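Beneath this line is the structure, given in structure tokens, with notes to follow.
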Protein chains: 2
Amino acid sequence: MASMNEVAKRAGVSIATVSRVLNNSDSVNEETRMKILKAIKELKYQPSRVAKRLRSKSGAGNLLGVLIPDIQNPFYVDVLRGIEDIAYQNNYVIIMCNFNQDEKKEAVYLDILESEAIDGLIAAPAHEDDPRIKKFLRSGLPVVCVDRGLKGVDVDVVWVNNEEGAYQAVSYMIEKGYKRIAHIGGLPTIPSSRLRLDGYRKALKDHGLEIDENLIVQGDSTYTSGIEFTGKLLNMANRPDALFTGNNLITLGALEAVNERKLDIPGDIAVLGFDDMNWSNALNPPLTAVRQPAYEIGKRAGELLIQRIKDPKRPCIQMTLNSELKVRSSC
Amino acid sequence: MASMNEVAKRAGVSIATVSRVLNNSDSVNEETRMKILKAIKELKYQPSRVAKRLRSKSGAGNLLGVLIPDIQNPFYVDVLRGIEDIAYQNNYVIIMCNFNQDEKKEAVYLDILESEAIDGLIAAPAHEDDPRIKKFLRSGLPVVCVDRGLKGVDVDVVWVNNEEGAYQAVSYMIEKGYKRIAHIGGLPTIPSSRLRLDGYRKALKDHGLEIDENLIVQGDSTYTSGIEFTGKLLNMANRPDALFTGNNLITLGALEAVNERKLDIPGDIAVLGFDDMNWSNALNPPLTAVRQPAYEIGKRAGELLIQRIKDPKRPCIQMTLNSELKVRSSC
DNA sequence: ACGGCAAATGTAAACGATTTCATTCAGATA
DNA sequence: TATCTGAATGAAATCGTTTACATTTGCCGT
């Protein structure tokens, strides 16, 4: 790859001048500009983003970090797509860090990102006290949180109103006439899990239904936990007539467990999932779900991050997007 | 962030010596080594990967590029996970480039990756003549292809035997007694689409079934194309009794179209998909599918890439993993 | 005719590492 | 004692940029 030096030599100018036309930062004679552009074209010169990043340590590196807990969860994939679209439009590129809900791995990735001199970070913290992300934040690096907030610090966040979404969903279930609505929640350490559970509880209470603690279980947000807990619920003597699942993967696990027992949805048990998927209509019956605008969450987060890189002083924004109950046939 | 210079100063040595203990490349007195390690700890020093990358241009940068056509396709997500695991184990980090089957975007990303001085690239080329990836290859950068090969050049590839997988699947369908087996294929420019179609044709032929060209359609590998073409097939006067879909997304689209018409699987139409998903059992009925070991493809590709970075001269390997027919209930 | 100003360009110091080529010094060898 | 050897270290160049700080030149006003 040609370097700036070679361009300068070929154009018969100094590298400073080349840099100037590249960043059109300063006035340069039209004629020399042409000469330089010509040399650039002829040599197929491409600036080294690495050198640039090393030299100017302030948001000029065009590199973003994305730290997410589980890339196999379709929700985060969609978020990632949103981020990527914005990044691409702005000539940024993304280092993908999938920490798999493993705090050690999260820490390692954050260290690496720092050492990579990223310009900004989009993260879904492991939990809301996450000291590592907080440290990052304190170091002055632009950070935007998605899906999960951070307690006690001022930071941009993009998420949905989890409690409200769950509340609406469960209210809908109650109105449909379901009486024994079970809930399989995700990891209690994840804020959204708790909020969704809160929404569930509040809906039951507001509608005068008794809360049966036996119908509430919390697992680790995985597919397997969905299978397992649904199995247990279905084996109960007095089994629930409806199931509200706490996320994508749990929902899918639940469906597997129900299928396995050849039970009918919604006849034997209705299912409503938090998190929609692009292919919810491919399920049989099509899944009724609380749709988070995942792609848009990513997009907004990307926009906020780039804004903050340009203007580190702007006040923090907590952006709450609306979830939407997609009524299909499973409930 | 502390720099090597500060460490050197605090330890009372030169940066050269610090570098030496960091890479334990040369002999250094045990006592000074201790002093330096102490200084490193005290300053929480972390080497800058950027500076390192700039200086030593040969695989020491610990940065990989991953170029995939569609990150919303669960297959590639699993591949990515495999790559990530290996990368993480080896202290590499990944720049994720999702080119969305858009060749312009692919080109832009490749330029950026070059400018980022990555140590190696894992790519699923847009098509088998892809000139951009070939150029990359010629430039001497370690490249491993996944899922899709590259014609006329020597390159590491990890994939499955698509033709054989399709052949087995369709043979199975025929043995099950299906007579009018339709096929919705992916983009014909993608090699795997063609190979799967070949396998389909060969199976019909070998079993003495007549090939009805009306039952063969090729779309653009998307979910939408799955819905659309399945719709058309189902509307035929003499509709097929079974459907072999060419990839993940097409399968899901097909299921949506079938569901929409309240047809029974496999009673009205059997479905067998190329590409399995982690949650195929959550589908109703559970999907019979050709399983590609996606995670392992990613893992192997990662391993091959790192090997090649260490030894650029080693002969190229074409690694063909076995696909597996997962018989469930949809066919 | 001269100081001053602005446009156009160049010089050289960073950024934070790696690496080549000295240099120092002790102990071994002849 | 003079020389050699090798271990331990340092000085300085280098990677490819940006940028602060000159320098040159022509033009203007007085």
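A, B, ... follow the sequence lines: proteins, then strands. Residue 1 opens every chain. The shown structure was predicted, so the numbers you read here are calculated from the model rather than taken from an experiment.
Summarising the geometry, the separation between CD1 on B/Ile15 and P on C/dA17 is reported as 9 Å, rounded to the nearest angstrom. Note: CD (A/Glu31) to P (C/dA8) measures 12 Å, nearest angstrom. In this structure, CE of B/Met1 is placed 9 Å from C1' of C/dG16, rounded to the nearest angstrom. For the pair B/Asp26 CG and D/dA11 P, the computed distance is 16 Å after rounding to whole Å. One interatomic measurement links the two molecules: CZ of B/Arg53 to C1' of D/dC15, which rounds to 13 Å at whole-angstrom precision. Between the CG atom of A/Leu22 and the C1' atom of D/dT19 there is a distance of 14 Å, given to the nearest Å. In this structure, A/Met4 places its CE atom 13 Å from C1' of C/dT9, rounding to the nearest Å. Atom-to-atom, CE of B/Met34 to P of D/dT9 comes out at 13 Å; the value is rounded to the nearest Å.
Relative to the side chain of B/Ala16, the nucleotides C/dT19, D/dT17, C/dG16 differ in distance, and C/dT19 lies closest. Listed nucleotides: D/dG10, C/dA8, C/dG16. Nearest to the side chain of A/Asn29: C/dA8. Candidate nucleotides C/dG10, C/dG16, D/dT17 were compared by shortest atom distance to the side chain of A/Lys52, and D/dT17 ranks first. Distances were taken from every side-chain heavy atom of B/Ser56 (C-beta onward) to each of D/dG16, C/dA17, C/dT19; the shortest belongs to C/dT19. Of the candidates D/dG10, C/dA17, C/dC15, D/dG10 carries the atom nearest the B/Ser14 side chain, counting heavy atoms from C-beta on.
Residue B/Val13 is in sugar-phosphate contact alone, with no base atom involved, counting any heavy-atom pair closer than 4.0 Å across all strands shown. Across all strands shown, B/Val50 has no heavy atoms under 4.0 Å from either base or sugar-phosphate atoms. A/Gln46 comes within 4.0 angstrom of the backbone, heavy atoms only, and of no base. No engagement by B/Gly61 is indicated, since no non-hydrogen atom pair under 4.0 Å with the nucleic acid exists. Using a 4.0 Å heavy-atom cutoff across all strands shown, B/Asn23 reaches sugar-phosphate atoms only and no base atom.
Side-chain atoms of A/Lys105 come within 3.5 Å of backbone N or O of A/Asn98 as a donor-acceptor pair. Of the possible polar contacts, none joining the B/Glu114 side chain to the B/Asp111 backbone as a donor-acceptor pair under 3.5 Å is found.
Between the side chain of A/Arg20 and the base of C/dG10, a donor-acceptor pair under 3.5 Å is found. Counting distance only, with no hydrogens placed and no angle test, the side-chain atoms of A/Arg49 and the base atoms of D/dG16 include no donor-acceptor pair under 3.5 Å.
Taking only side-chain nitrogens and oxygens, B/Ser48 never comes nearer than 4.0 Å to OP1 or OP2 of C/dG16. Close to D/dA8, at under 4.0 Å from its OP1 or OP2, lies a side-chain N or O of B/Ser27. B/Thr17 has a side-chain polar atom (N or O) that falls below the 4.0 Å cut-off from OP1 or OP2 of D/dG10.
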Practice problem: Take A/Asp130 and A/Lys134 through the test salt bridge (Lys or Arg N to Asp or Glu O under 4.0 Å) and record every step on the way to the result. | Solution: CA-CA 6 Å; A/Asp130 197 316; A/Lys134 284 186 179 175; over 6 Å; no

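For the residue pair B/Thr222 / B/Asp220, a side-chain donor-acceptor distance below 3.5 Å is found, with atom types taken as modelled. Looking only at atom types and distance, the side chain of A/Asp78 has a donor-acceptor partner in the side chain of B/Gln72 under 3.5 Å away.
Checked against A/Met4 for a side-chain contact (heavy atoms from CB on, under 4.5 Å), the options A/Pro47, A/Ser48, A/Ser19 give a single hit: A/Ser19.
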